[in-house]
Amino acid sequence: MAVVLPTTTGRSSEPIRPLPERLNLDPARVSLGRQLFHDKRLSRDDSLSCASCHDLARGGVDNQPRSRGVGGAEGDINSPSVLNAGFNFRQFWDGRAASLEDQVNGPLQNPAEMASNWQQAMAKLATDKLLRAAFADAFPEGLTPANVRIALADFERSLARPSRFDRWLRGEDDALSDGEKAGYRLFKRHGCTACHQGINVGGNLYQRFGVMDDYFSRKHQVTKADQGRYNLTGREEDRHVFKVPSLRNVALTAPYFHDASTASLEEAVSIMGRYQLGLNLPPQDVTLIVAFLRSLNGEPQP
């Protein structure tokens, strides 16, 4: 488990917190996780790796409405970004995984994704002598499913991508343009920070999609994926409730929302204004808010 080391900020009263400057992670486990993240042997037919749907050069997504799994199988929901996922309080849109370690089980065993199981995957990995030796050095128990999950989770925790906005939060005033600062003020004034706040600008609570208006009335057909946490709990109050997504790197991760209903960040902001805040945001406000959101893109890492 990552230990977030203390960080300092010049703007401690802001509703958004900066990413930590350092993470206390085991380099050997992170290195193993990086290797496994790109290892297609985790899939049934050796055709897909985690990176197939979570391209680290493209904001941690594949920019597809729904990712394709083994044999071209199509998922039923838009793939979220893996960048900064270690700061989410739950994983998946419906929050069904309590940790990154738990999350690993989902795609590996999902027939529409890697379509494998732990017995098959471990049998293939165990034939790799170098991998077995590396696991023996990093873990007392060596190569086990639990340790594969830990390594992958620690690698994903290492994918923290601080942005220019984090530099501004720490007191570097010229890290943002005047337009980006104005967009952030509007972001707060209109109430966006009710859900998009904290260290991940979201990812730390559940919310109904359509607080102020019926979002799903605009759709021709409501799918099972649209039901959100209701699929897990069966409680009516959880219908259309989802984990609030992080807005970090959001300018890179189109299309937007669990149903990938728009590829335009401007349209996504307008939709959120109407259905979550009950506002018809003026075009100039949308433009400035989008400028702020672009400042949340992670900067290149050494």
Side-chain angles (χ1 to χ4, degrees), residues 1-7 16-40 42-43 48-64 67 77-93 95 97-108 113-114 134 138 147-167 169-170 196 198-204 243-254 256 293-302:
M1 180 67 70
V3 177
V4 179
L5 299 182
T7 186
I16 298 174
R17 311 298 301 140
L19 288 177
E21 295 174 283
R22 289 187 297 142
L23 293 173
N24 185 19
L25 293 167
D26 184 325
R29 296 183 179 188
V30 170
S31 180
L32 279 170
R34 179 183 295 108
Q35 179 179 341
L36 291 167
F37 190 82
H38 294 87
D39 196 328
K40 295 183 178 181
L42 292 177
S43 65
L48 295 172
S49 70
C50 304
S52 299
C53 298
H54 299 285
D55 188 338
L56 303 184
R58 299 167 69 181
V61 299
D62 58 6
N63 299 122
Q64 299 299 311
S67 299
I77 202 164
N78 184 236
S79 293
S81 174
V82 72
L83 299 183
N84 305 301
F87 302 107
N88 291 330
F89 85 126
R90 296 289 188 274
Q91 305 299 325
F92 298 118
W93 281 100
S99 68
L100 285 170
E101 287 84 355
D102 291 341
Q103 184 272 339
V104 172
N105 292 312
L108 186 140
E113 297 183 55
M114 290 180 165
N147 290 340
V148 167
R149 288 191 287 269
I150 291 171
L152 278 166
D154 276 359
F155 171 64
E156 292 181 9
R157 290 187 179 99
S158 78
L159 298 175
R161 293 292 184 266
S163 64
R164 286 188 295 112
F165 188 72
D166 291 289
R167 290 197 277 122
L169 285 172
R170 291 195 175 93
H196 293 287
I199 196 170
N200 226 12
V201 200
N204 58 354
K243 181 191 73 180
V244 174
S246 167
L247 294 184
R248 290 186 175 274
N249 300 291
V250 68
L252 307 175
T253 59
Y256 299 110
L293 293 175
R294 293 187 187 282
S295 78
L296 294 171
N297 287 352
E299 296 189 291
Q301 301 298 296

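None of the values given here were measured: they were computed from a predicted structure. The chain is numbered in sequence order, starting from 1. Heavy-atom basis, side chains included; hydrogens, waters and symmetry copies ignored.
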Exercise. State whether the side chain of Q91 and the backbone N or O of A85 hold a donor-acceptor pair below 3.5 Å, judged by distance alone.
Key: yes
Quiz item: Would you call M114 and C50 a side-chain contact if the rule is heavy atoms closer than 4.5 Å?
Solution: yes
Practice problem: Please list, chain by chain and in numerical order, all residues satisfying side chain to side chain donor-acceptor pair (under 3.5 Å) with D102, sequence neighbours excluded. | Solution: S99
Quiz prompt | Which atom of L32 lies closest to which atom of A138, heavy atoms considered | solution = CD1-CB, 3.7 Å
Practice problem: Could you walk me through whether F89 and N200 pass the side-chain contact (heavy atoms from CB on, under 4.5 Å) test, one step at a time? | Solution: CA-CA 10 Å; F89 85 126; N200 226 12; over 6 Å; no
Self-check item: Where R29 and I150 come nearest, the two heavy atoms and their spacing
Solution: NH1-CG2, 4.2 Å
Quiz prompt | By salt bridge (Lys or Arg N to Asp or Glu O under 4.0 Å) - contacts of R167 (at least two apart) | solution = E172, E299
Quiz item: Do side-chain atoms of D55 reach the backbone of D62 as a donor and acceptor pair under 3.5 angstrom?
Solution: no
Quiz item: Does the side chain of R248 come within less than 4.5 Å of L83's, by heavy atoms?
Solution: no
Quiz item: Under the side chain to side chain donor-acceptor pair (under 3.5 Å) test, which residues partner S79, sequence neighbours left out?
Solution: S67
Exercise. Tell me, please, which residues at least two apart from D39 pass salt bridge (Lys or Arg N to Asp or Glu O under 4.0 Å).
Key: R41
Quiz item: Shortest non-hydrogen contact from I199 to P18?
Solution: CG1-O, 3.5 Å
Self-check item: Atom pair CG (L152) and CG (N147), whose distance is rounded to the nearest 0.5 Å
Solution: 11.0 Å
Quiz item: Would you say the side-chain atoms of N84 pair up with the backbone N or O of R161, donor to acceptor, closer than 3.5 Å?
Solution: yes
Self-check item: All ring-ring contact (aromatic ring centres under 6.0 Å, His included) counterparts of F155, not counting sequence neighbours
Solution: F37
Quiz item: For R294, which residues count as a side chain to side chain donor-acceptor pair (under 3.5 Å) partner, sequence neighbours excluded?
Solution: none
